[in-house]
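Here is the structure we will look at.
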Amino acid sequence: MREPILKKVAMPPTLFWAPMYIAFVNFVMQGAIMFVLMGTTGGEYNPLMSIITILIVHVILIVYGAKEPHMSKIFQSRGPFLMPTKNVYRSWGHKLAS
């Protein structure tokens, strides 16, 4: 009886079976690249090529999302930790204290 509720809480949101935030970033970035290419080539660029690349990358995201469904949260949590540390004392490397 509680299984659907626990599944909704435990499983992260998806967008067409891929992790939602990563898939959304894929759509936005590929769309921006498509419009830039259409503008810079004077309309000679075929937008169908961008749609094909969106689908290919989305299928790859679906495959990786099936292996690790919490991929979006992993990437979001790495953001604050990739910032450089500030040393307390002047020294080489990343030390908080000597």
Side-chain angles (χ1 to χ4, degrees):
M1 183 166 151
R2 289 185 167 180
E3 184 177 330
I5 296 171
L6 293 177
K7 187 174 182 181
K8 290 290 184 185
V9 171
M11 293 302 291
T14 58
L15 180 67
F16 302 119
W17 305 284
M20 186 171 87
Y21 300 113
I22 300 173
F24 181 72
V25 168
N26 174 39
F27 289 143
V28 169
M29 289 182 65
Q30 297 251 3
I33 291 170
M34 176 182 67
F35 286 121
V36 167
L37 287 175
M38 286 174 57
T40 56
T41 60
E44 295 178 10
Y45 180 73
N46 188 1
L48 186 61
M49 295 303 293
S50 289
I51 293 172
I52 292 171
T53 59
I54 287 172
L55 291 176
I56 291 171
V57 172
H58 195 75
V59 168
I60 292 170
L61 288 175
I62 290 170
V63 170
Y64 281 119
K67 291 180 183 178
E68 181 56 61
H70 296 279
M71 189 180 346
S72 295
K73 294 296 180 185
I74 291 172
F75 287 142
Q76 287 175 356
S77 66
R78 283 190 55 90
F81 297 113
L82 291 177
M83 300 165 90
T85 59
K86 185 175 181 180
N87 294 340
V88 176
Y89 305 107
R90 293 183 68 96
S91 63
W92 292 99
H94 297 288
K95 301 176 187 170
L96 297 177
S98 324

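Worth saying up front: this structure is predicted, and the values here are computed from it rather than measured.
- When all heavy atoms of F27 and H58 are compared, the pair lying nearest together is CZ-ND1, 3.9 Å.
- Distance check: N26 CG to T53 OG1 gives 8.0 Å after rounding to the nearest 0.5 Å.
- When L48, I54, L55 are each tested for a side chain to side chain contact (heavy atoms under 4.5 Å, CB included) with I52, only one passes: L48.
- Of all non-hydrogen atoms in G65 and M71, the two that sit nearest each other are N-CE, 3.5 Å.
- Cluster annotation: V57 and F24 are assigned to distinct hydrophobic clusters (Ile/Leu/Val/Met/Phe/Trp/Tyr, side-chain heavy-atom contacts under 4.5 Å, transitive).
- Side-chain contact between M20 and S72 is absent, with no heavy atoms from C-beta onward closer than 4.5 Å.
- A continuous path of Ile, Leu, Val, Met, Phe, Trp and Tyr side chains, each step under 4.5 Å between heavy atoms, connects F16 with Y21, placing both in one hydrophobic cluster.
- Considering every non-hydrogen atom in both L61 and A23, the closest pair reads CD1-CA, 4.0 Å.
- No side-chain donor from either of Y45 and T40 sits under 3.5 Å from a side-chain acceptor of the other.
- The distance from the CG atom of L15 to the CD1 atom of I22 is 11.5 Å, given to the nearest 0.5 Å.
- Hydrophobic clustering keeps I62 apart from Y64 (ILVMFWY residues linked when any side-chain heavy atoms are closer than 4.5 Å, directly or through intermediates).
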